[in-house]
Asker: 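Below is a structure I'd like to ask you about.
By convention in this document, chain letters (A, B, ...) are assigned in the order of the sequence lines, proteins followed by strands, and residues within each chain are numbered from 1.
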There are 2 protein chains.
Amino acid sequence: MEPISNTERKSLKQTVIQEIKSYIIEHGLSEGDKLPTERKFTEMYGVSRSVVREALSYLENTGVISIRQGQGATLSRSNIDKLLSNFFFLWKINGGDFEEVLSLRLIFESSAIDEIIRNDEAEQFAALEAVLKRYDTVDSAARFREIDREFHEQLLRSTGNDLFIQMTSIITNYFFEVAPSIDLSSEEIKKMLKEHREIIEKIIDKDAEGAKKILSGHLGNVRKD
Amino acid sequence: MEPISNTERKSLKQTVIQEIKSYIIEHGLSEGDKLPTERKFTEMYGVSRSVVREALSYLENTGVISIRQGQGATLSRSNIDKLLSNFFFLWKINGGDFEEVLSLRLIFESSAIDEIIRNDEAEQFAALEAVLKRYDTVDSAARFREIDREFHEQLLRSTGNDLFIQMTSIITNYFFEVAPSIDLSSEEIKKMLKEHREIIEKIIDKDAEGAKKILSGHLGNVRKD
DNA sequence: AATTATAAATTGGTCTGACAATATTATATC
DNA sequence: GATATAATATTGTCAGACCAATTTATAATT
């Protein structure tokens with residue numbers, strides 16, 4: 001392998017990143033496969049270990065690979081989620097408005113309703129109903145929180161579009177991580193569970209507008225809290 | 001400042017990342033502000049320059065800061081977009097289906113239509129109409145491509161929700177980057193421009209269903225190509 | 001022979017110190 | 001005052017060493 005020279009604008013790190021990505025493609029690697037060690041890459045590309053480490057580090061930070069001490073680097077499952085914790089960090093620092101997160105949840109979940117009804121797959125309806133069956137186990141505010149999250153996640157998941165699920169889950173996850181845990185009364189919990197039930201029923205009845213209307217109110221309640 | 005010791009599970013790098021993030025918050029830094037130099041952090045936290053470099057590198061890779069040789073590190077504008085090129089790299093390697101990208105565009109742009117109509121802001125309608133005004137300048141397939149992209153981007157932008165715009169633009173950008181440039185006949189171009197026009201007109205008439213129907217067909221044409 | 005304990009080798013993590021490449025700042029020159 | 005030049009500051013790359021965690025090979029035990 002030819003050593004890499006640094007005559008161009010690109011930094012060595014950038015070049016090595018490209019090389020490693022090419023290596024992954026050329027060797028047909030996929031999820032779980034192991035990459036060569038740092039020292040191997042050092043020899044292969046004729047650059048210092050620092051550069052190789054920074055390149056591998058970049059690939060790890062952007063979710064491409066997973067590195068463990070004493071073990072090496074393996075290709076990851078594609079996962080947007082991890083990438084974005086820092087996005088929200090920055091977004092918040094630069095004056096990001098939490099209202100936007102709430103309104104984005106409504107947008108995404110509304111389109112999920114449309115999509116689920118459009119796809120019309122029995123399997124997905126069943127998955128939604130399955131959530132309802134767990135509702136008699138709700139005996140505390142903490143448990144409701146879990147169930148609530150499950151409901152919203154299943155709503156997104158039932159679209160069956162993996163990209164959609166990953167991208168929209170980011171918002172849901174962020175919301176549940178930063179939202180303060182409110183002490184809900186058992187009446188409020190009951191009301192919210194009822195809304196969940198109604199939303200799912202409307203979906204199964206293929207009444208998109210009806211479902212979205214209830215959802216809008218449901219998320220409106222959350223906003224008030 | 002107390003030197004950091006490594007008694008816990010977390011790696012030094014992780015710890016320093018947290019420290020730097022705290023530094024950013026405590027000093028109230030925001031977009032464009034400069035961070036201390038590598039050597040300063042080295043002194044502050046009592047760790048080697050390697051660790052500081054890897055921590056800063058992480059923050060750069062995840063979009064928090066921007067580093068330039070001889071200059072230093074500054075806080076970035078929050079920007080999801082850049083982060084995700086590697087997500088798509090991995091997604092593709094693991095057998096990602098391009099159909100999903102197309103279907104996701106339809107989902108996102110449909111919800112954009114709903115949202116624009118719901119918000120009902122004259123300013124946003126005007127922005128959409130402004131795109132139409134540029135349609136007499138379309139004299140080639142390449143120019144149409146530009147205009148087409150502009151149209152879809154404006155559709156997302158008119159929702160006015162910055163998070164929504166950023167997250168959905170990812171898909172649009174990815175699409176236009178990887179989609180092969182088809183040689184469209186001038187009849188086909190005319191037809192597509194007409195569809196754009198109709199979609200915008202329906203939106204202004206607050207006919208969400210009508211607009212979404214045309215959009216669905218419009219993106220369906222793209223799929224065939 | 002199979003299992004378990006121990007030692008060796010592998011591999012990523014951290015440290016140190018040096019020099020190169022780039023950007024900024026101070027200085028000298030006109 | 002404007003412009004070129006030199007000095008300084010800052011990140012980028014290199015080399016080699018040792019530390020920490022994991023895996024693999026070897027020895028001991030049953």
Side-chain angles (χ1 to χ4, degrees), chain A residues 1-20 23-24 27 29 32-76 82, chain B residues 1-20 23-24 27 29 32-76 82:
Chain A
M1 173 94 34
E2 281 297 305
I4 295 168
S5 63
N6 200 4
T7 52
E8 297 150 29
R9 276 263 175 271
K10 272 201 294 190
S11 69
L12 271 177
K13 176 179 151 189
Q14 288 302 325
T15 314
V16 171
I17 290 170
Q18 274 312 314
E19 290 290 333
I20 294 178
Y23 178 96
I24 292 170
H27 289 71
L29 303 186
D33 291 339
K34 287 190 77 165
L35 267 69
T37 67
E38 291 178 355
R39 274 127 174 143
K40 285 259 175 60
F41 276 129
T42 300
E43 287 175 24
M44 286 165 67
Y45 302 137
V47 296
S48 75
R49 201 177 147 212
S50 327
V51 173
V52 171
R53 273 184 68 77
E54 296 207 349
L56 286 170
S57 205
Y58 170 82
L59 292 173
E60 186 185 32
N61 296 338
T62 54
V64 177
I65 64 177
S66 163
I67 303 177
R68 270 175 301 183
Q69 183 167 354
Q71 196 164 3
T74 56
L75 260 155
S76 305
K82 185 181 78 175
Chain B
M1 175 94 32
E2 282 298 304
I4 296 168
S5 65
N6 201 6
T7 51
E8 300 150 28
R9 274 263 174 275
K10 272 201 296 188
S11 69
L12 272 178
K13 176 178 150 189
Q14 289 302 326
T15 314
V16 172
I17 289 170
Q18 274 311 315
E19 289 290 335
I20 295 179
Y23 179 95
I24 292 171
H27 288 73
L29 303 186
D33 291 340
K34 287 191 77 166
L35 267 70
T37 67
E38 293 178 354
R39 265 115 179 158
K40 286 260 174 59
F41 278 128
T42 300
E43 288 175 24
M44 287 165 66
Y45 302 137
V47 296
S48 75
R49 203 179 143 212
S50 326
V51 173
V52 172
R53 273 185 68 77
E54 296 206 348
L56 287 169
S57 205
Y58 170 82
L59 292 173
E60 185 185 32
N61 296 338
T62 53
V64 177
I65 63 177
S66 163
I67 303 176
R68 270 176 300 183
Q69 183 167 354
Q71 195 166 2
T74 56
L75 261 156
S76 304
K82 183 182 78 176

Asker: Not counting sequence neighbours, which residues clear side chain to side chain contact (heavy atoms under 4.5 Å, CB included) with B:K34? List them please.
Answerer: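 Only B:T74 meet the side chain to side chain contact (heavy atoms under 4.5 Å, CB included) criterion with B:K34.
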Asker: Could you pull out the protein-nucleic contacts involving nucleotides 15-17 of chain D (nitrogen or oxygen on both sides, under 3.5 Å)?
Answerer:
from, atom 1, to, atom 2, distance (Å)
D:dA17, N6, A:R49, NH1, 3.4

Asker: Using the 3.5 Å cut-off, write out each protein N or O paired with an N or O of nucleotides 24-27 of chain C and the distance between them.
Answerer:
from, atom 1, to, atom 2, distance (Å)
C:dT24, OP1, B:Q71, NE2, 3.2

Asker: Quick one: list whatever passes salt bridge (charged side-chain N to carboxylate O under 4.0 Å, His left out) with A:R49, sequence neighbours left out.
Answerer: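 Partners of A:R49 by the salt bridge (charged side-chain N to carboxylate O under 4.0 Å, His left out) criterion, ordered by chain and then number, come out as A:E38.
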Asker: Among D:dT13, C:dG13, C:dA21, which nucleotide sits nearest the side chain of B:Q69?
Answerer: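 Looking only at heavy atoms from C-beta outward on B:Q69, the closest nucleotide is C:dA21.
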Asker: Go through the structure and list residues passing side chain to side chain contact (heavy atoms under 4.5 Å, CB included) with A:Q69, not counting sequence neighbours.
Answerer: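 Per chain and number, A:Q69 pairs via side chain to side chain contact (heavy atoms under 4.5 Å, CB included) with no residue.
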Asker: Using side chain to side chain contact (heavy atoms under 4.5 Å, CB included) as the criterion, list what pairs up with A:E60, not counting sequence neighbours.
Answerer: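 Side chain to side chain contact (heavy atoms under 4.5 Å, CB included) check on A:E60 returns A:I65, A:I67, B:K13.
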Asker: Nearest whole angstrom, please: distance from the P of C:dC15 to the CZ of B:R53.
Answerer: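 Result: 15 Å.
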Asker: Whole Å only: how far is the CZ atom of A:R68 from the P atom of C:dT11?
Answerer: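 Those two atoms, CZ and P, are 15 Å apart.
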Asker: With sequence neighbours left out, write down each residue that passes side-chain hydrogen bond (donor to acceptor under 3.5 Å, both in side chains) with A:T42, or none if nothing qualifies.
Answerer: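 Result, side-chain hydrogen bond (donor to acceptor under 3.5 Å, both in side chains) vs A:T42: none returned.
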Asker: Measure from the side chain of B:T37, starting at C-beta and using heavy atoms only, and say which of D:dT10, C:dT14, D:dT13 lies closest.
Answerer: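 The closest nucleotide is D:dT10.
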Asker: Once side-chain hydrogen bond (donor to acceptor under 3.5 Å, both in side chains) is applied, do any residues pair with A:S76, and if so which ones, sequence neighbours excluded?
Answerer: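 A:S76 satisfies side-chain hydrogen bond (donor to acceptor under 3.5 Å, both in side chains) with no other residue.
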Asker: Measure the distance from CG on A:L12 to P on C:dA20 and round it to the nearest whole Å.
Answerer: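 Between P of C:dA20 and CG of A:L12: 15 Å.
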Asker: Which residues in residues 54-64 of chain A have a heavy atom closer than 4.0 Å to any atom of DNA chain D?
Answerer: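 DNA chain D contact set from residues 54-64 of chain A: none.
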Asker: A:Q71: what forms a side-chain hydrogen bond (donor to acceptor under 3.5 Å, both in side chains) with it, not counting sequence neighbours?
Answerer: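 If we apply the side-chain hydrogen bond (donor to acceptor under 3.5 Å, both in side chains) test to A:Q71, skipping adjacent residues, the hits are A:R68.
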